[in-house]
Amino acid sequence: MTLEIVRLYHDLLGTYGDQGNAEVLIHRAKARNIDVNLTEVTPGMPVPRSGDIYLLGGGEDGPQFAALEMLKADGGLNYAAAGGATVLAICAGFQIIGDSLPDSNGNKTSGLGLVGAHTIYDASPRSVGELVIQPSRGGLPRLTGFENHQGLTLLGNEMSALGRVLSGVGNGFNQQEGVWHGNVFGTYMHGPALARNPELADAVLQCAAGPLRPFEDPFANALAFERRSTLAGN
Ligand code: GLN
């Protein structure tokens with residue numbers, strides 16, 4: 001099997017090194033002898049419909065809406081997700097995959113609707129800083145990341161958050177952070193999130209590649225441990 005990873009518009013959506021999530025997945029897949037092919041989708045290119053994992057990063061409002069419009073017009077990401085493809089969407093990407101979000105003029109617009117989530121901008125100060133969450137599924141440990149967003153995201157009742165906020169803001173409602181719905185993951189965590197959280201990387205990988213043989217990466221583990229322990233007192 002060759003695992004097809006599709007990185008969407010990383011030149012528009014790639015704040016704080018979110019594009020590195022692809023490199024982490026490739027590294028951890030290859031460590032299990034899984035062949036990987038990475039497709040870079042740039043503006044104007046059709047989105048492949050048969051990918052296994054699709055990656056979206058964060059970005060400023062202008063690039064975010066340019067990306068949203070292209071994804072709506074193309075339809076490839078929706079097609080792949082409906083067929084069970086795995087999706088990891090960070091920050092602006094997380095907002096894009098929801099049902100609605102404000103456009104660049106602040107008016108409500110529809111998102112891709114891969115998850116039940118509505119993003120609003122209110123008068124709250126921007127959410128900026130370190131984020132620590134406790135997932136309740138998948139045997140995941142405490143996860144950490146860096147958040148920087150104006151939008152706050154309310155999940156629909158049928159949705160599960162990625163985790164419960166221990167410190168930071170996250171979605172801004174009900175102590176929830178991110179979403180994990182079927183094979184679709186959304187989160188406000190930059191870092192890149194998968195570099196800071198190797199267990200989350202494996203959870204994403206496993207959705208697409210099935211059960212994984214054990215792999216310990218001391219460098220990745222040390223980074224995850226350092227961030228968790230440094231932030232434990234916050
Ligand atoms: N524009 C969005 C917001 O501010 C996303 C920001 C980001 O991706 N860092 O809420």
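Numbers here are sequence positions counted from 1. Atoms within each ligand, like the ligands themselves, are counted from 1 in listed order. Here the structure is a predicted model, which is why all the values come from computation and not from measurement.
- A salt bridge does not link Arg28 to Glu199: none of the charged nitrogens lies less than 4.0 Å from a carboxylate oxygen.
- When each atom of ligand 1 is checked for a heavy atom of Gln64 under 4.0 Å away, the hits are 1 (N), 2 (C), 5 (C).
- In terms of protein heavy atoms, atom 7 (C) of ligand 1 is closest to Cys91 SG, 2.9 Å.
- Regarding atom 1 (N) of ligand 1, its nearest protein heavy-atom neighbour is Asp61 OD1, 2.4 Å.
- Atoms of ligand 1 found under 4.0 Å from any heavy atom of Gly58 (numbered from 1 in listed order, with element): 8 (O).
- Contact check on Glu23 versus Arg7 returns a salt bridge, with a Lys/Arg side-chain nitrogen under 4.0 Å from an Asp/Glu carboxylate oxygen.
- Shown in contact with Arg126 at under 4.0 Å from a heavy atom are these atoms of ligand 1, numbered in order with element: 4 (O).
- Protein heavy atom at the shortest distance from atom 5 (C) of ligand 1 is Gly59 O, 3.6 Å.
- For the side chain to side chain contact (heavy atoms under 4.5 Å, CB included) criterion with Phe94, the lone passing option out of Leu101, Thr187, Thr153, Leu56 is Thr153.
- Those atoms of ligand 1 that come under 4.0 Å of a heavy atom in His149, given as number and element, are 3 (C), 4 (O), 10 (O).
- Counted by atom type alone, Asn148 and Tyr188 present zero donor-acceptor pairs between their side chains at under 3.5 Å.
- By the 4.0 Å N-to-carboxylate-O rule, Arg32 lies close enough to Asp202 to be salt-bridged with it.
- Counting atoms of ligand 1 from 1 in the listed order, those under 4.0 Å from a heavy atom of Gly151 are 3 (C), 10 (O).
- Every atom of ligand 1 is numbered from 1 in the order shown, and the set under 4.0 Å from a heavy atom of Asn148 is 6 (C), 7 (C), 9 (N).
- Taking both residues in full, the closest heavy atoms of Leu194 and Asn21 are given as N-OD1, 2.9 Å, listed atom of the first, atom of the second, then distance.
- Applying the 4.0 Å criterion to heavy atoms of His190 picks out, from ligand 1, the atoms 9 (N).
- Judged by distance alone, the side chain of Asn197 and the main-chain N or O of Leu143 form no donor-acceptor pair under 3.5 Å.
- A ring-centre distance under 6.0 Å is found for His27 and Phe215.
- When each atom of ligand 1 is checked for a heavy atom of Gln150 under 4.0 Å away, the hits are 3 (C), 4 (O), 10 (O).
- Within the structure, ligand 1 lacks Tyr16 among the residues with a heavy atom less than 4.0 angstrom away.
- When all heavy atoms are compared, the tightest approach of Ala161 to Gln176 is CB-CB, 3.7 Å.
- Within the structure, the closest approach of Glu147 to ligand 1 does not fall below 4.0 Å when heavy atoms are considered.
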